[in-house]
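Report on the structure given below.
These numbers come from a predicted model, not from an experiment. Heavy atoms only: backbone and side chains are in, while hydrogens, waters and symmetry mates are out.
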Amino acid sequence: MEGLASRHRAAPAGTRSLVWRLGFLYAVLFLIIGCYLPYLPVWLKWRAFTADEIAILLATPLFGRILVAPTMSFVADRLGDRRVILIVLAWASLASYAALWIADGFWPMLLAMVFVALASTTLMPLTETIAIAGIRRARLDYGRIRLWGSLSFIAASLGVGVAIQYAGAGVVLPLLLAAATLMVFGTYFIPRELGTARPLGSPAPAAPQRRLRVGDALALARSPLFILFLAAASLMHGSHALLYAFGSLHWRAQGFSGGTVGALWSIGVVAEVALFAVSSRVIGRVGPVRLLILAGLATAARWSLMAFDPPLWATAILQTLHAMSFGAAHLAAIHFLTHAVPEDRSATAQGLYSAVVAGLVMGTVTLVCGPLYSRLGGEAYAVMAVLAAAGTVAAMLLSQRWTGGLVVGHARDEGQPQSAGEGG
């Protein structure tokens with residue numbers, strides 16, 4: 001009895017350590033995103049690229065994700081060690097941003113962006129896969145871990161915005177390189193067991209487990225429920241492409257200063273942090289698919305109002321809807337993947353999700369946003385509202401069909417039927 005009690009007392013300390021390690025990994029990953037997402041377009045304009053060229057350059061990593069993310073994620077699942085792949089990609093990502101910094105002219109810059117696509121587009125899917133392993137095995141609260149990434153994004157978006165105001169847009173790439181260096185360190189803090197398919201603290205299996213096959217990944221990709229989920233999530237997230245590619249430039253065109261632009265980005269993420277802080281209660285009350293529907297409705301409303309070029313005070317209020325348009329949609333997606341996909345295909349599912357949502361759809365919409373923004377300016381947000389509404393319809397269809405179980409069986413149980421409640 002005493003030994004059992006001591007183990008229970010020790011568990012929270014180990015869980016706290018795991019939470020801090022994962023929180024740090026998210027924090028450094030989102031330092032990169034906080035530099036890249038709002039301000040790489042500003043840096044590219046500072047380098048004298050046109051709106052169409054900026055759209056092509058920004059879309060290149062997104063399209064690269066279509067092939068790279070599923071391939072690398074499947075390799076991570078097949079090897080059974082996602083941590084090692086994450087470390088290798090973190091080093092490659094650092095090198096790719098260095099190549100971006102020294103590139104000169106459109107074609108060398110495009111080649112550097114291809115390198116960015118190869119190196120960095122799988123960082124997020126593998127990080128999410130490792131976090132999902134923590135949710136499953138240590139019963140961690142995903143939102144409480146993920147909010148450290150959001151807080152880091154706030155610090156980066158505010159800090160880089162102020163730095164641009166005082167030092168010019170040329171400061172973006174050195175700061176991006178510094179963030180990528182911290183990401184390399186963050187990957188080494190992840191426990192080895194969390195990168196594998198065995199429980200925390202357990203010894204290596206005595207007999208080799210059945211390796212994941214290409215057919216297992218294809219079965220997931222062909223699942224009608226998984227496809228419907230991808231359609232809903234990709235249309236909602238893809239509707240953010242105009243904000244990501246031209247939001248900062250459009251706000252500056254409206255006369256907002258660099259510091260104000262950084263503050264606007266931060267407002268949205270502060271609201272997102274507030275949602276993540278209570279995420280377990282929200283998911284418990286609403287459920288992932290209904291939360292996805294609510295996110296779609298909020299997203300359509302956000303872009304509809306943004307199309308009118310609202311003044312600063314109204315723009316600030318609309319930025320709080322980021323908690324729903326991105327935060328709630330992302331939270332719903334992570335919990336759907338946790339319950340609907342077997343753990344042996346967890347990284348593969350994240351790779352497919354990243355390839356379609358942040359690759360195929362986001363890349364296509366980003367390309368379209370170049371000429372769309374050139375012709376319509378802020379009115380182009382109305383087109384984004386239509387995409388979000390279509391994603392909401394797909395989420396409603398998913399809610400009628402998914403009963404909370406696995407969308408495919410475990411690889412070891414291939415050919416056996418899955419019960420409706422399994423994995424829910």
* Structure fact -> On a heavy-atom basis, the closest approach of P38 and F153 is CG-CZ, 4.0 Å
* **Donor-acceptor under 3.5 Å (R65 side chain, A358 main chain)** => yes
* Atom OG of S304 and atom CE of M306: how far apart are they, to the nearest 0.5 Å? -> 11.5 Å
* Asked: What are the two closest non-hydrogen atoms of V361 and V357, and how far apart are they?
  -> CB-O, 4.1 Å
* Structure fact -> Nearest heavy-atom contact between A328 and A295 is CB-CB, 4.0 Å
* Could you tell me which non-hydrogen atom of L147 sits nearest to which non-hydrogen atom of A277, and how far apart they are? => CD2-CA, 3.9 Å
* **Contacts of Y36 that satisfy side chain to side chain donor-acceptor pair (under 3.5 Å) - sequence neighbours left out** => none
* Asked: Is there a donor-acceptor contact under 3.5 Å from the side chain of T366 to the main chain of M362?
  -> yes
Donor-acceptor pairs under 3.5 angstrom involving side-chain atoms of residues 100-126: please list them, not counting sequence neighbours.
residue: S120; atom: OG; partner: V116; partner atom: O; Å: 2.7
residue: T121; atom: OG1; partner: A117; partner atom: O; Å: 2.6

* **Within-4.5 Å side-chain heavy-atom neighbours: L297 and M324** => no
* **Euclidean distance, M72 CE relative to L89 CG, rounded to 0.5 Å** => 4.5 Å
* To do: Would you indicate whether the side-chain heavy atoms of V278 and R285 approach each other to under 4.5 Å?
  => no
* To do: Indicate whether the side chain of R302 and that of S325 have a donor and an acceptor atom separated by less than 3.5 Å.
  => yes
* Interatomic distance, L67 atom CG to L360 atom CG [nearest 0.5 angstrom] -> 12.0 Å
* Given side chains that start at C-beta, do those of H250 and L242 come closer than 4.5 Å, heavy atoms only? -> no
* **CG on L37 to CD1 on I32, rounded to 0.5 Å** => 12.5 Å
* To do: Return the set of residues passing ring pair (Phe, Tyr, Trp, His ring centres under 6.0 Å) with F336 (not counting sequence neighbours), or none when no residue passes.
  => F229, W402
* A90 backbone acceptor or donor facing S93 side chain under 3.5 Å -> no
* To do: State which residues pass ring pair (Phe, Tyr, Trp, His ring centres under 6.0 Å) with H237; sequence neighbours excluded, sorted by chain then number.
  => F326
* To do: Check the surroundings of atom CH2 in W251: do more than 12 heavy atoms from other residues, nucleotides or ligands lie under 6.0 Å from it?
  => yes
* Structure fact -> Sorted by chain and number, sequence neighbours left out, side chain to side chain donor-acceptor pair (under 3.5 Å) with S257 holds for T260
Using residues 261-276 as the side-chain source, report each donor-acceptor pair under 3.5 Å to any protein atom, sequence neighbours left out, with the distance given to one decimal.
residue: W265; atom: NE1; partner: S248; partner atom: OG; Å: 2.9
residue: S266; atom: OG; partner: I154; partner atom: O; Å: 3.4
residue: S266; atom: OG; partner: S157; partner atom: OG; Å: 3.0
residue: S266; atom: OG; partner: G262; partner atom: O; Å: 2.9
residue: E272; atom: OE1; partner: H322; partner atom: NE2; Å: 3.4
residue: E272; atom: OE2; partner: R146; partner atom: NH1; Å: 3.4
residue: E272; atom: OE2; partner: S150; partner atom: OG; Å: 2.4

* Asked: Shortest non-hydrogen contact from L225 to L398?
  -> O-CD1, 3.8 Å
Using atom types as modelled, flag every donor-acceptor pair under 3.5 Å from a side chain in residues 172-191 to any protein atom, sequence neighbours excluded.
residue: T181; atom: OG1; partner: L177; partner atom: O; Å: 2.9
residue: T187; atom: OG1; partner: V184; partner atom: O; Å: 2.6
residue: Y188; atom: OH; partner: W91; partner atom: NE1; Å: 3.0

* Structure fact -> Across all chains, not counting sequence neighbours, the ring pair (Phe, Tyr, Trp, His ring centres under 6.0 Å) partners of F246 are Y373
Pairs of donor and acceptor atoms involving the side chains of residues 385-394, under 3.5 Å and at least two apart or interchain, shall be tabulated with distances.
residue: T392; atom: OG1; partner: G296; partner atom: O; Å: 3.3
residue: T392; atom: OG1; partner: A388; partner atom: O; Å: 2.9

* Would you check if L305 and P310 make a side-chain contact, meaning some heavy-atom pair closer than 4.5 Å? => no
* Scan residues 292-316 for pairs that pass ring pair (Phe, Tyr, Trp, His ring centres under 6.0 Å), counting only residues two or more places apart or in two chains. => H240-W303, W303-Y381
* Structure fact -> Residue set satisfying side chain to side chain donor-acceptor pair (under 3.5 Å) with S96, at least two apart, ordered chain then number -> none
* To do: Using atom types as modelled and distance alone, determine if a side-chain donor or acceptor of T338 lies under 3.5 Å from a backbone N or O of I334.
  => yes
* What residues, two or more places apart in sequence or in another chain, satisfy side chain to side chain donor-acceptor pair (under 3.5 Å) together with E128? -> Y26, Y142, H330
* To do: Starting at CG of L220, measure out to CG of L337 and round the result to the nearest 0.5 Å.
  => 8.5 Å
* To do: Quick one: pull up OG1 in T71 and CD1 in I66 and give me the separation to the nearest 0.5 Å.
  => 11.5 Å
* **Within 6.0 Å of CZ in R47, more than 12 heavy atoms from elsewhere** => yes
